[in-house]
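Step one of this worksheet: look at the structure below.
In the text below, chain A, chain B and the rest are named by the order of the sequence lines, each starting its count at 1.
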Number of protein chains: 2
Amino acid sequence: MANRPRGDAPPAGAAFLLPQLGAHAADRFAERIAPLGLAPRHVGLLRWISHNSATTQRDVATAFGVRPSRIVVLLDELEELGLVRREVDPADRRNRAVRLTTQGRRALTRVGQAFLTHQNDLLSALTSSEQATLATLLARVAEQQGLSAGVHPAYRDDHASGHP
Amino acid sequence: MANRPRGDAPPAGAAFLLPQLGAHAADRFAERIAPLGLAPRHVGLLRWISHNSATTQRDVATAFGVRPSRIVVLLDELEELGLVRREVDPADRRNRAVRLTTQGRRALTRVGQAFLTHQNDLLSALTSSEQATLATLLARVAEQQGLSAGVHPAYRDDHASGHP
DNA sequence: TATTGTTATACTCTATAACTATA
DNA sequence: TATAGTTATAGAGTATAACAATA
């Protein structure tokens, strides 16, 4: 697929390679978890829920910096797969306590395995010490650019601040 | 925007950072060229046209591995901006010879400047020798993963092979 | 009949805003 | 009235397929 346009010396710097490789990595990972019925956008959410049992949807939305209605859709999909449960909070019936099901926990384990396989394959061109160097350099760039460490690009949102 | 979900030790390996930083880099570059009326998906096309004057749209589609109708839309946008011209080939009136206008050449220059600024900012956390190391490592990963050097992720397509 | 380019249609993902129910 | 969650609507971007013009 996609031959290289001939007759054009392409830039080979990191700034050009990053979007290319980033999209590639995301695609490969997506392929690996697709059989589980999951997409990358679900993974961060699953992880969050597994670590913050019974959070409210509002909390999730705030934590990821997205609108509540976005969370609704994602949770619908996860609930459809039986990986997540919404329970009305008896104390304040407006709140939903979101929890992982047993299936959800199992799915998260499989996602973790898929990620390790993916990682191995993606970086197989490099020795482990080179992989570490790469990770360090990327982490420094990420930090300087103000990227928060745990947030997957799938949760980008424009609403950022203020009024809905 | 998008706080880091608390209580969760995030993976910090290259495989996790790549999609995150790749998306970030793409977004930042997109912001820089947006004032020109351009998006990342236009850039590779502009560059191709500048190096292969009077190509046919079919050739472009083949080179980028996308369907011809995709090229139509992109060229419509570039023509709208006055950066590109389609000329009917008198020899075979089915073909359109695509050329950069003077404005198109100027735009491409500005895009190049924008890219340099972008690159400087994006990698400012690293020394130049570290930037070179990063580029080398990324290039090796890209090559092993079968990524062709000149193709921007904006041109990904699923049709890959065979029959339309 | 085969090929180039175009148009029309549909689908995915997400953002925005209106709405319901609780409080 | 204010807040949690939901539903409805709309928009961007792209894939797919039907189509017209030309060969």
Using modelled atom types only, decide if a donor and an acceptor are shared between the side chain of B:T56 and the backbone of B:R96 within a distance under 3.5 Å. no
State whether the side chain of A:Q131 and the backbone N or O of A:L126 hold a donor-acceptor pair below 3.5 Å, judged by distance alone.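 Yes, the answer is positive, given that a donor and an acceptor are paired below the 3.5 Å cut-off.
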The bend of the helix from C:dT1-D:dA23 to C:dA23-D:dT1, taken between the axes of its five terminal pairs at each end and rounded to 10°, is 40°
Can you establish whether the number of heavy atoms outside B:R93 located under 6.0 Å from its atom CZ is more than 12?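 Open.
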More than 12 heavy atoms of other groups within 6.0 Å of B:Q144 CD: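 Check passes, neighbour count above 12.
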Roughly how many Å is it from [atom1] in [X] to [atom2] in [N], rounded to a whole number?
{"X": "B:D76", "N": "D:dG13", "atom1": "CG", "atom2": "P", "result": "14 Å"}
{"X": "B:I71", "N": "D:dT16", "atom1": "CD1", "atom2": "C1'", "result": "16 Å"}
{"X": "A:D89", "N": "D:dG5", "atom1": "CG", "atom2": "C1'", "result": "13 Å"}
{"X": "B:L74", "N": "C:dG5", "atom1": "CG", "atom2": "C1'", "result": "14 Å"}
{"X": "A:E79", "N": "D:dT6", "atom1": "CD", "atom2": "C1'", "result": "13 Å"}
{"X": "A:E77", "N": "D:dT7", "atom1": "CD", "atom2": "P", "result": "14 Å"}
{"X": "B:R70", "N": "D:dA17", "atom1": "CZ", "atom2": "P", "result": "17 Å"}
{"X": "B:H42", "N": "D:dA12", "atom1": "NE2", "atom2": "P", "result": "13 Å"}

Under 4.0 Å between a side-chain N/O of [X] and OP1 or OP2 of [N], yes or no?
{"X": "A:R86", "N": "D:dT6", "value": "yes"}
{"X": "B:R67", "N": "D:dT14", "value": "no"}
{"X": "B:R58", "N": "C:dG5", "value": "no"}

Should B:L46 and B:V72 be counted in the same cluster of Ile, Leu, Val, Met, Phe, Trp and Tyr side chains packed under 4.5 Å apart? no
Between the base of D:dT14 and the side chain of B:S69, is there a donor-acceptor distance below 3.5 Å?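 Counting by modelled atom types and ignoring angles, no donor-acceptor contact under 3.5 Å is found here.
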CG/B:L45 to CD/B:E77 distance, rounded to the nearest 0.5 angstrom? 10.0 Å
Angle between ring planes, B:F29 versus B:H118, binned at 30° and 60°: parallel, tilted or perpendicular?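 Plane angle between 30° and 60°, so tilted.
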With sequence neighbours excluded, residues passing salt bridge (Lys or Arg N to Asp or Glu O under 4.0 Å) with A:R94: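 Scan of A:R94 (salt bridge (Lys or Arg N to Asp or Glu O under 4.0 Å), adjacent residues dropped) gives A:D92.
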Got a salt bridge between A:R140 and A:E143, using NZ or NE/NH1/NH2 to carboxylate O under 4.0 Å?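 Salt bridge absent between A:R140 and A:E143.
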What residues from residues 90-97 of chain B pass a heavy-atom cutoff of under 4.0 Å to DNA chain D? B:D92, B:R93, B:R94
